[in-house]
Amino acid sequence: MVGEELTKHAVMELLSEIADPEIPVVSIAEIGMLRDVHITDEGCEVIITPTYTGCPAMGIIEADIKALLDSKGINSKVKLVYNPAWNTDWITDEAKEKMRRYGIAPPEHSSCGDIVLAEAHIACPQCGSKNTEVLSRYGATACKALYKCNACKEPFEYFKCH
């Protein structure tokens with residue numbers, strides 16, 4: 001990008017290549033973390049919103065953004081914003097389908113619904129059965145829960161609504 005005019009659209013396109021380190025089949029753009037890019041006199045400022053306060057992946061995501069833009073000759077600064085808070089409504093439908101094919105049950109409902117009722121019978125990403133049960137409210141990360149499918153007997157993670 002060195003020598004070309006720097007545009008918000010071009011930077012957003014570049015950043016859409018950065019995968020979520022915890023769910024590598026979806027990008028930070030698809031999951032809704034990439035909020036905006038501001039072109040500045042020095043380069044650009046990338047605005048991202050963590051899925052959780054204290055998310056351990058934020059340092060990796062920030063480093064990935066800076067490394068990618070540095071490799072294109074773009075000076076960048078990353079800014080974390082917490083308002084408005086990220087929620088699962090920001091995940092694209094395409095990203096939800098990618099999660100399902102990867103073996104993670106995506107959030108099925110809006111973050112504004114009755115979460116306890118909505119999460120009572122999550123569809124198994126392996127066989128589609130809703131004859132499932134929660135094994136733990138927390139999976140490998142705070143944003144996921146651990147479930148078991150009573151039909152195919154496979155355990156799976158569910159990306160919780162919030």
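These figures come from a predicted structure and were not determined experimentally.
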Roughly how far apart are [X] [atom1] and [Y] [atom2], rounded to 0.5 Å?
X: Asp70; Y: Asn75; atom1: CG; atom2: CG; result: 7.5 Å
X: Glu22; Y: Ile104; atom1: CD; atom2: CD1; result: 9.5 Å
X: Leu6; Y: Ser76; atom1: CG; atom2: OG; result: 10.0 Å
X: Leu15; Y: Ile61; atom1: CG; atom2: CD1; result: 11.5 Å
X: Ile74; Y: Leu68; atom1: CD1; atom2: CG; result: 7.5 Å

Tell me every residue that passes side-chain contact (heavy atoms from CB on, under 4.5 Å) with [X], counting only those two or more places apart in sequence or in another chain.
X: Ile60; result: Pro21, Asp64
X: Asn150; result: Asn131, Glu133, Lys148
X: Ala95; result: Val26, Glu30, Ile91, Thr92
X: Glu154; result: Gln126, Cys152

Heavy-atom donor-acceptor pair, [X] side chain to [Y] backbone, under 3.5 Å:
X: Lys160; Y: Arg137; value: yes
X: Thr7; Y: Ala10; value: yes
X: Glu157; Y: Ala140; value: yes

Per the ring pair (Phe, Tyr, Trp, His ring centres under 6.0 Å) rule, what does the pair list look like for [range], sequence neighbours excluded?
range: residues 124-151; value: Tyr147-Phe156, Tyr147-Tyr158
range: residues 50-84; value: Tyr52-His162
range: residues 11-33; value: none

- Message: Hydrophobic clusters here meaning ILVMFWY residues chained together by side-chain heavy-atom distances under 4.5 Å, can you tell me if Met58 and Ile47 are in one?
- Response: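 No, no single cluster joins them.
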- Query: Would Leu14 end up clustered with Met12 when hydrophobic side chains under 4.5 Å apart are linked, directly or stepwise?
  - Reply: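 Hydrophobic grouping puts Leu14 with Met12.
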- Which side chain to side chain donor-acceptor pair (under 3.5 Å) pairs, counting each pair once, include a residue from residues 37-50, with sequence neighbours left out?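 Residue pairs with at least one partner in residues 37-50: Asp36-His38, His38-Glu45.
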- Message: Less than 4.5 Å apart, side chain to side chain, heavy atoms only: is that true for Lys77 and Val46?
- Response: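 The answer is no; the side chains never approach within 4.5 Å.
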- Do the non-hydrogen side-chain atoms of Val134 and Ile122 ever get within less than 4.5 Å of each other?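 Not touching, per the 4.5 Å side-chain cut-off.
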- Query: Apart from Leu146 itself, what residues make up its hydrophobic cluster, given side-chain heavy atom links below 4.5 Å?
  - Reply: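 Once heavy-atom contacts under 4.5 Å are chained together, Leu146 belongs with Leu135.
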- Query: Does Arg100 have any side chain to side chain donor-acceptor pair (under 3.5 Å) partners at least two apart in sequence or in another chain, and if so, which?
  - Reply: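 By the side chain to side chain donor-acceptor pair (under 3.5 Å) rule, Arg100 matches Glu97.
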Which heavy atom in [X] sits nearest to a heavy atom in [Y], and how many Å separate them?
X: Cys149; Y: Thr132; value: CA-CG2, 4.0 Å
X: Ser16; Y: Ser27; value: O-CB, 3.2 Å
X: Pro107; Y: Met99; value: CD-SD, 4.4 Å
X: Ala105; Y: Pro125; value: N-CG, 3.9 Å

- Message: Does the Lys NZ or Arg CZ of Arg35 fall within the cation-pi geometry relative to Trp90 - under 6.0 Å from the ring centre and within 45° of the axis?
- Response: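 Yes, cation above the ring, under 6.0 Å and within 45°.
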- Evaluate the criterion side chain to side chain contact (heavy atoms under 4.5 Å, CB included) for residue pair Leu80 and Ile48; output intermediate values, then yes/no. CA-CA 5 Å; Leu80 297 179; Ile48 57 175; 3.3 Å; yes
